[in-house]
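For reference, the structure discussed in these notes is given below.
Numbers restart at 1 for each chain; the letters A, B, ... are given by sequence-line order, proteins then strands.
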Number of protein chains: 2
Amino acid sequence: MIMAKAKKKEEVPAEEKIKQAARKLFTERGFDAVKTRDIAAEAGINLALLNYYFRSKQKLFDVIMVENFEQFVQQLIPVMGDENLSLDEIIAKVSGNYIDMLRNNPDLPFFILNEMKNESSELLVIREKMKDVKSGFIKRVEKAMKEGKLTPLHMGHLMMNFMGLVIFPFVAKPVLMKVNGFSNKEFDALMDERKDLVPIWLKAIMKAK
Amino acid sequence: MIMAKAKKKEEVPAEEKIKQAARKLFTERGFDAVKTRDIAAEAGINLALLNYYFRSKQKLFDVIMVENFEQFVQQLIPVMGDENLSLDEIIAKVSGNYIDMLRNNPDLPFFILNEMKNESSELLVIREKMKDVKSGFIKRVEKAMKEGKLTPLHMGHLMMNFMGLVIFPFVAKPVLMKVNGFSNKEFDALMDERKDLVPIWLKAIMKAK
DNA sequence: AAACATTTTAATCAAATGATTAAACTTTAA
DNA sequence: TTAAAGTTTAATCATTTGATTAAAATGTTT
């Protein structure tokens, strides 16, 4: 029997355990706040093994960063490029899907925002990915604006509005819970409502003048 | 001549220099990323003096945190409570004022979001401050909803929408600049436009169904 | 079994960092 | 001028933290 990784039974290999622990902690707390010893403890392995597999904390982080950023944008690509859907349908579907994704990964937005504030890494990859996401959808929106079906508006505003309505609540969750006294349950109920509301609001925004 | 702080000429006292340096660095980078030696260097004073005046990094940070949070909310209070303005006027004025304030303090939102994710400090003060902000305005909105002038909606949604449209762009600025290739100038121009656009959009949102 | 790869342990480094101390210097007040 | 308060400097601690090393233990392949 050929096995790349040797292990007693059917256990998860150490390298994978380290990655899982790193993903959890880095996503929750960010690069600086996580210590290599935290990761080793969370993974249930020895500190030395982390450096054995990943050479350094930074290298391990880079792996997680790329994976997280992909999760952050990947979901948008197939829906936004779907020529069989109307613009309204795309907005509704993307909003709903994205809010669902964020409910399962509530720390993802802050992680991306926080880490992209510092690093300049992986810029090329990111820019390329986003080009694919935007091209088709943007052209259709611009066409609708020219035809007078939508109020003419800089694409940056639309992107900020979408992100602001969909993503921001997850970034602001701690503040909202402290300031407004929301419970986790209440917050979750509001997010569920927003799956239907955000598309309505985005449509209203795009037609308002 | 009686002077609490002794100094050669008309210089800014060391305690104030430390606070100013601390405010700048903490607001830009957050608690963890700022080292006491950074603050001392930025203030042009010796490291020992920082601990002499403020006892510890944490104590110094607490001072800055309170001041920053006050700036974050204080501006809202007088306008939102102004009974002489219509709801539309309040929304327009608050949006414009707040975007202007954030253009002068672009790092403030992320600072608040980041630090409130961790700490539980100053909860009482915060909660009290926010009660003042909300009470009057909220009652008027709820009344308008009951009268059918606005679409009935959980107040949490309205707050998220306002913050999402006004504040989020400043939090996402690094991402937007990297992903969309915005320059500082372009971003600033968009923010200027939003002073007029956000009130229009918020009104559209509150009437949409 | 022998050879090889993987995993674990324990000890240790070097640098960064928050904090303290003691001594000197400067300004103000008595 | 002297005493007190405020300010500065330099040296030093103890802890944390990322990383490395050497050696042993465990499992796999030949």
Side-chain angles (χ1 to χ4, degrees), chain A residues 1-65 114-115 118-119 121, chain B residues 1-65 114-115 118-119 121:
Chain A
M1 197 203 301
I2 296 169
M3 288 183 67
K5 305 291 157 55
K7 251 292 139 162
K8 279 181 206 159
K9 307 174 183 175
E10 299 294 313
E11 264 186 62
V12 179
E15 183 171 356
E16 184 57 29
K17 284 198 291 189
I18 295 172
K19 259 181 65 175
Q20 286 175 8
R23 169 161 36 248
K24 177 174 186 293
L25 296 183
F26 278 140
T27 308
E28 279 175 9
R29 307 186 206 158
F31 182 82
D32 286 340
V34 174
K35 308 307 169 190
T36 53
R37 283 164 175 80
D38 300 338
I39 300 174
E42 173 80 24
I45 56 96
N46 191 278
L47 173 59
L49 208 51
L50 188 155
N51 291 292
Y52 172 76
Y53 278 121
F54 294 94
R55 295 280 304 163
S56 73
K57 181 191 180 188
Q58 184 64 54
K59 291 250 172 56
L60 172 55
F61 176 80
D62 288 345
V63 173
I64 306 300
M65 179 70 191
N114 186 24
E115 301 302 342
N118 315 320
E119 293 174 278
S121 70
Chain B
M1 194 202 303
I2 297 170
M3 291 183 65
K5 304 291 158 57
K7 243 331 162 113
K8 279 181 206 163
K9 307 175 183 175
E10 298 294 314
E11 264 185 62
V12 178
E15 183 170 356
E16 185 56 30
K17 286 197 290 188
I18 295 172
K19 256 181 68 175
Q20 285 175 8
R23 169 160 38 248
K24 177 174 186 291
L25 296 183
F26 278 141
T27 309
E28 280 176 7
R29 309 186 206 157
F31 182 82
D32 287 340
V34 174
K35 309 307 169 188
T36 53
R37 283 163 176 82
D38 300 337
I39 299 175
E42 174 80 22
I45 56 94
N46 191 279
L47 174 58
L49 208 50
L50 187 154
N51 290 291
Y52 172 76
Y53 279 121
F54 296 93
R55 297 279 303 163
S56 72
K57 181 190 179 187
Q58 184 65 53
K59 292 248 170 57
L60 173 54
F61 176 81
D62 288 345
V63 173
I64 306 300
M65 179 71 190
N114 186 25
E115 302 300 344
N118 315 320
E119 292 172 278
S121 70

Figure out the [atom1]/[atom2] separation between [X] and [N], and round it to whole Å.
| X | N | atom1 | atom2 | answer |
| --- | --- | --- | --- | --- |
| B/D32 | D/dT17 | CG | C1' | 13 Å |
| B/Y52 | C/dT26 | OH | C1' | 13 Å |
| A/K57 | C/dA16 | NZ | P | 15 Å |
| A/N51 | C/dC13 | CG | C1' | 13 Å |

Any idea which of [options] is nearest the [X] side chain?
| X | options | result |
| --- | --- | --- |
| B/K35 | D/dA10, C/dG18, C/dA19 | C/dG18 |
| A/I45 | C/dT20, D/dT17, C/dT8 | C/dT8 |
| B/R37 | D/dG18, C/dT20, C/dT17 | C/dT17 |
| B/N46 | D/dT8, D/dA19, D/dT9 | D/dT9 |

inquiry  = Tell me whether the rings of B/F31 and B/F26 are parallel (<30°), tilted (30 to 60°) or perpendicular (>60°).
reply    =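 Ring orientation, 0 to 90° scale: parallel.
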ask   = For A/S56 and B/A48, take the nucleotide of DNA chain D holding the closest heavy atom to each; which residue's nucleotide lies nearer the 5' end?
value =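 By nearest-heavy-atom nucleotide position, the 5'-most residue is B/A48.
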message = Does a side-chain N or O of B/T36 approach OP1 or OP2 of C/dG18 to a distance below 4.0 Å, or not?
response =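 The answer is yes; a side-chain N or O of B/T36 sits under 4.0 Å from OP1 or OP2.
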ask   = Out of A/K57, A/K24, A/R29, which residue meets the salt bridge (charged side-chain N to carboxylate O under 4.0 Å, His left out) rule with A/D38?
value =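 Of the listed residues A/K57, A/K24, A/R29, the salt bridge (charged side-chain N to carboxylate O under 4.0 Å, His left out) partner of A/D38 is A/R29.
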query = With sugar-phosphate meaning primed atoms plus P, OP1 and OP2, does B/L47 contact a base, only sugar-phosphate, or nothing at under 4.0 Å between heavy atoms?
reply =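 Touches a base.
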